[in-house]
Protein chains: 2
Amino acid sequence: MLSEEYSRFIESWGSLGVFWGINRSMARIHAFLMLSEQPVDLDTISDTLNISRGNASMSLKELRSWGAIQRVHASGDRRDFYIVEQDAWRMLFKIAKGRKEREFNPALYALRDLMSEADTEQQAQVNARLTQMEEILSTVHAVMNKALESEKSSKRMFDILKNFV
Amino acid sequence: MLSEEYSRFIESWGSLGVFWGINRSMARIHAFLMLSEQPVDLDTISDTLNISRGNASMSLKELRSWGAIQRVHASGDRRDFYIVEQDAWRMLFKIAKGRKEREFNPALYALRDLMSEADTEQQAQVNARLTQMEEILSTVHAVMNKALESEKSSKRMFDILKNFV
DNA sequence: ATTATGTTTCAATTATTCCTGAAAGGATTG
DNA sequence: CAATCCTTTCAGGAATAATTGAAACATAAT
């Protein structure tokens, strides 16, 4: 049984997960594993969080594919156990990277194509707007690429922002 | 009828909208208005984008509540017309602000509560993990607050990042 | 006051996403 | 190699979210 604080954290981690575009179950499982000193098996997860085994299994699989968690084995035990990836950064970046490519990039590329294809008598205001938008998105694009390029690079960016604040 | 480039931009803007947590219709309408030199009325929107009037009306209302678009009137015309907010920043920030408060903040607060309530014999590894996560989220929190504090502040941050890249 | 024109609301429908549970699949043990 | 234990898959069901369309509402013109 989980304490109230544990539950609350797990649930709000779930909501934050939705913000990142991962579903609630996955995020809750991830939160639970963050709070577990010992490796945890599938049954414990599904019982504690009230998630079906099927769902838990799929969620664990996907979390694993993102490098968010690892599967480990206890000797003399047939079950699989799971632990979180020790480095919290890694997961955040993996997720961010995927979403950026799937959703951000296409919009930027479409915008650029639009601007290059546009006939020259494109109306002035529209042009100005698109130009401004393109500038913003391009910078965001560059920043994200840099941030997602290497752990070192991202940490440096993080520090710069930290100092700015 | 829209050109192919226009359509493509509108559709991918729709996907990007989903990334931000606004629904496809709203994002498409917003894109369409960005591409219109002239103020546009509800019928044109609903016909051009194949969106029902009801949906268009609701979407326009919500876009307006976010300051993403404005309603204007043409003299001698009964209809309402819509134009995009001239400053692209404003909308992005409004949206970011809302989502941050609804989804990010609760997770951070829950994490902090968890850490303060935790019994002292909390296990070392878990503690280390939570501490690391709290540091990251706190910094993100501070950065976002700063960015959302004022237009000037956000532009400064934007420039800093631009230079870093 | 009535009609004509345009907008908004909202219950019902449709689409999408998420989750379940049972069956199939693997691996280990006796 | 059969039995046991655990995991994975996936079709169907449940829950959510988005969208429609028709009715109610509002306003201006006649």
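Each chain gets a letter, A, B and so on, in the order its sequence line appears, and its residues count up from 1. Note that these values count all heavy atoms, side chains included, but never hydrogens, waters or copies made by symmetry. This one's a predicted model, so the numbers in the text were calculated from it and none came from an experiment.
- Between A/Ser25 and the phosphate of C/dC18, there is no side-chain N or O to OP1/OP2 separation shorter than 4.0 Å.
- A/Ser65 places a side-chain N or O within donor-acceptor distance of the main-chain N or O of A/Glu62, the cut-off being under 3.5 Å.
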*asked:* side chain to side chain donor-acceptor pair (under 3.5 Å) for A/Ser59 and A/Arg28? Distances and angles first, verdict last.
replied: CA-CA 10 Å; A/Ser59 297; A/Arg28 291 174 72 226; over 6 Å; no
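- Between A/Gly21 and A/Arg53, the residue whose closest nucleotide on DNA chain C is further toward the 5' end is A/Gly21.
- One finds no side-chain N or O of B/Asn23 lying less than 4.0 angstrom from the OP1 or OP2 phosphate oxygen of D/dA17.
- Among the atoms of the strands shown, none is found under 4.0 Å from any heavy atom of A/Asp41.
- Note on B/Lys61: a side-chain N or O is less than 4.0 Å away from OP1 or OP2 of C/dT9.
- Distances from the side chain of A/Arg78 to the nucleotides D/dT8, C/dT28, D/dT19 place C/dT28 closest.
- Residue A/Arg28 places none of its side-chain N or O atoms closer than 4.0 Å to OP1 or OP2 of C/dC19.
- Side chains of B/Arg112 and B/Ser138: a donor-acceptor N/O pair is present below 3.5 angstrom, by distance only.
- Using a 4.0 Å cut-off between charged side-chain N and carboxylate O, B/Arg8 and B/Glu4 make no salt bridge.
- A close approach under 4.0 Å does occur between a side-chain nitrogen or oxygen of B/Arg71 and OP1 or OP2 of C/dT8.
- Considering only side-chain atoms of B/Ser57, the nucleotide from D/dT7, D/dG21, C/dT8 that sits closest is C/dT8.
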